[in-house]
Amino acid sequence: MIKALNLTHYYNKDLALENINLEINKGEFICLIGESGSGKSTLLSLLSTLLKPTSGEIFFENTNYKDIKDIDNFRKTNVGFIFQFHYLINYLTVKENIKLANEKATNDEIYNLLKILKIENLLDKYPNEISGGQKQRVAIARALINKPKVIIADEPTGNLDSKNSLNVFEILKKLSESGTTIIVATHDKELAKFANKIYEVKDGKIN
Ligand code: ADP
Ligand code: ADP
């Protein structure tokens with residue numbers, strides 16, 4: 001589904017990733033582990049089209065990223081993002097925050113999605129009225145509302161306690177079992193055990 005060939009990335013003259021080759025299949029749950037600064041975020045940014053590699057190629061279902069015409073539409077239909085910090089808008093309700101990602105989403109669709117995440121009672125709450133773990137589940141809902149083929153998550157539990165972290169990884173696992181491809185960076189080796197495949201990123205390389 002996603003194939004990376006000889007990816008190398010420099011920030012100015014600083015090498016961040018060197019010669020990465022990866023092949024990710026539909027429905028796989030991939031974890032990138034590695035120390036801070038090892039290159040995980042850079043790799044996720046490249047795979048999600050947020051950053052262009054210095055050299056190398058990336059393919060999504062045989063489309064070369066270089067050939068994608070409408071990058072906004074590509075991201076919207078294919079990739080859902082989850083970050084360490086939830087980036088919810090404080091003056092919008094949970095429902096309105098989710099609508100930002102997909103203005104055509106119906107109330108029923110949003111309700112059903114929140115129900116799966118067990119936060120349907122939070123529909124009309126504001127972010128500062130709910131807990132950190134709940135906020136992260138809202139962020140997951142926002143990433144899922146477009147039914148993306150791939151979820152890319154960068155330290156999605158970096159800001160959560162262990163119980164909420166476990167919960168987020170259980171949700172991601174279920175999503176992968178229903179066919180969504182999951183690519184997650186974490187520095188937590190215990191959580192990484194949820195994945196089908198673990199890649200260790202070290203000094204910009206995967207061994
Ligand atoms: P990780 O996600 O594993 O913490 P990153 O991909 O963020 O690693 O960083 C890899 C390397 O690239 C680090 O040396 C980091 O300092 C550098 N780096 C990351 N982002 C930038 C940037 N925007 N500009 C310059 N250097 C960066
Ligand atoms: P953050 O700002 O890091 O997203 P919060 O400050 O909202 O997180 O929450 C910190 C912790 O306090 C959470 O892990 C949660 O357990 C608890 N908490 C905060 N607000 C609530 C709330 N409204 N109901 C229940 N627990 C809450």
Side-chain angles (χ1 to χ4, degrees), residues 1-24 28-60 64-66 68 71-72 74-75 78-88 132-133 135-137 139-140 142-144 148-162 164-169 171-173 175-176 180-207:
M1 178 171 216
I2 298 180
K3 201 186 225 174
L5 294 174
N6 300 321
L7 283 186
T8 292
H9 194 75
Y10 283 88
Y11 291 103
N12 299 313
K13 284 182 178 166
D14 296 329
L15 182 63
L17 278 182
E18 190 177 2
N19 211 17
I20 301 284
N21 289 286
L22 270 183
E23 196 161 347
I24 298 169
E28 266 185 335
F29 187 161
I30 305 287
C31 251
L32 304 178
I33 59 168
E35 286 171 17
S36 179
S38 58
K40 305 182 296 297
S41 294
T42 303
L43 182 53
L44 291 183
S45 299
L46 295 176
L47 296 178
S48 59
T49 74
L50 295 173
L51 196 64
K52 276 191 190 148
T54 308
S55 63
E57 315 272 327
I58 310 173
F59 295 86
F60 187 96
N64 192 323
Y65 279 16
K66 288 175 181 162
I68 297 170
I71 202 93
D72 286 334
F74 174 84
R75 283 184 201 141
N78 293 310
V79 190
F81 302 98
I82 304 167
F83 302 97
Q84 173 171 359
F85 299 101
H86 45 74
Y87 298 117
L88 300 178
K135 280 184 240 187
Q136 197 56 313
R137 272 181 277 169
I140 294 174
R142 191 181 47 185
L144 289 175
K149 294 177 184 166
V150 180
I151 291 279
I152 291 188
D154 195 355
E155 295 282 356
T157 61
N159 202 28
L160 300 179
D161 61 20
S162 55
N164 279 309
S165 298
L166 209 57
N167 180 263
V168 166
F169 270 72
I171 291 166
L172 295 175
K173 182 80 185 172
L175 283 169
S176 75
T180 307
T181 306
I182 311 283
I183 311 171
V184 186
T186 180
H187 60 262
D188 188 323
K189 289 191 175 163
E190 282 303 309
L191 290 174
K193 289 177 184 163
F194 277 86
N196 307 114
K197 277 188 195 156
I198 300 175
Y199 293 109
E200 182 167 10
V201 186
K202 200 170 176 187
D203 299 330
K205 289 185 207 140
I206 291 178
N207 293 314

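Note that ligands are numbered from 1 as they come in the structure, with each ligand's atoms numbered from 1 the same way.
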In this structure, are over 12 heavy atoms from other groups packed under 6.0 Å from Lys189 atom NZ?
no

If hydrogens are left out, which of Glu155, Lys40, Lys202, His187 has an atom nearest to atom 3 (O) of ligand 1, that is, the closest non-hydrogen atom?
Lys40

Just checking Tyr10: does its OH atom have more than 12 heavy atoms from other residues, nucleotides or ligands closer to it than 6.0 angstrom?
no

Give a yes or no on this: more than 12 heavy atoms of other residues, nucleotides or ligands lie within 6.0 Å of atom CG of Asp203.
no

Does the protein place any heavy atom closer than 4.0 Å to atom 16 (O) of ligand 1?
no

So which of Thr42, Leu15, Leu44 gets nearest to atom 5 (P) of ligand 1, if we judge by its closest heavy atom?
Thr42

Atoms of ligand 1 under 4.0 Å from any heavy atom of Ser38, numbered from 1 in the order shown, are 1 (P), 3 (O), 8 (O)

Examine the side chains of Asn164 and Asp161 and answer whether a donor and an acceptor come within less than 3.5 Å of each other.
yes

Find all atoms of ligand 1 within a distance of less than 4.0 Å from any non-hydrogen atom belonging to Glu35, and give their numbers and elements.
3 (O)

Atom 7 (O) of ligand 1: closest protein heavy atom, distance to 0.1 Å, is Ser41 CB, 3.6 Å

Consider every N or O of Ala16 and every N or O of ligand 1, then say whether any pair is closer than 3.5 Å.
no

Quick one: does Pro148's side chain get under 4.5 Å of Val79's, heavy atoms only?
no

Just to confirm my output: which protein heavy-atom neighbour is closest to atom 8 (O) of ligand 1, and how far is it?
Gly39 N, 3.0 Å

Counting non-hydrogen protein atoms only, what is the nearest one to atom 27 (C) of ligand 1? Give residue, atom name and distance.
Tyr11 CD1, 3.3 Å

For atom 11 (C) of ligand 1, the closest protein heavy atom turns out to be Gly37 O, 3.7 Å

Within this structure, what is the NZ-CD1 distance for the pair Lys3 and Ile58, rounded to the nearest 0.5 Å?
13.0 Å

Could you walk me through whether Gln136 and Asn159 pass the side chain to side chain donor-acceptor pair (under 3.5 Å) check?
CA-CA 9 Å; Gln136 197 56 313; Asn159 202 28; over 6 Å; no

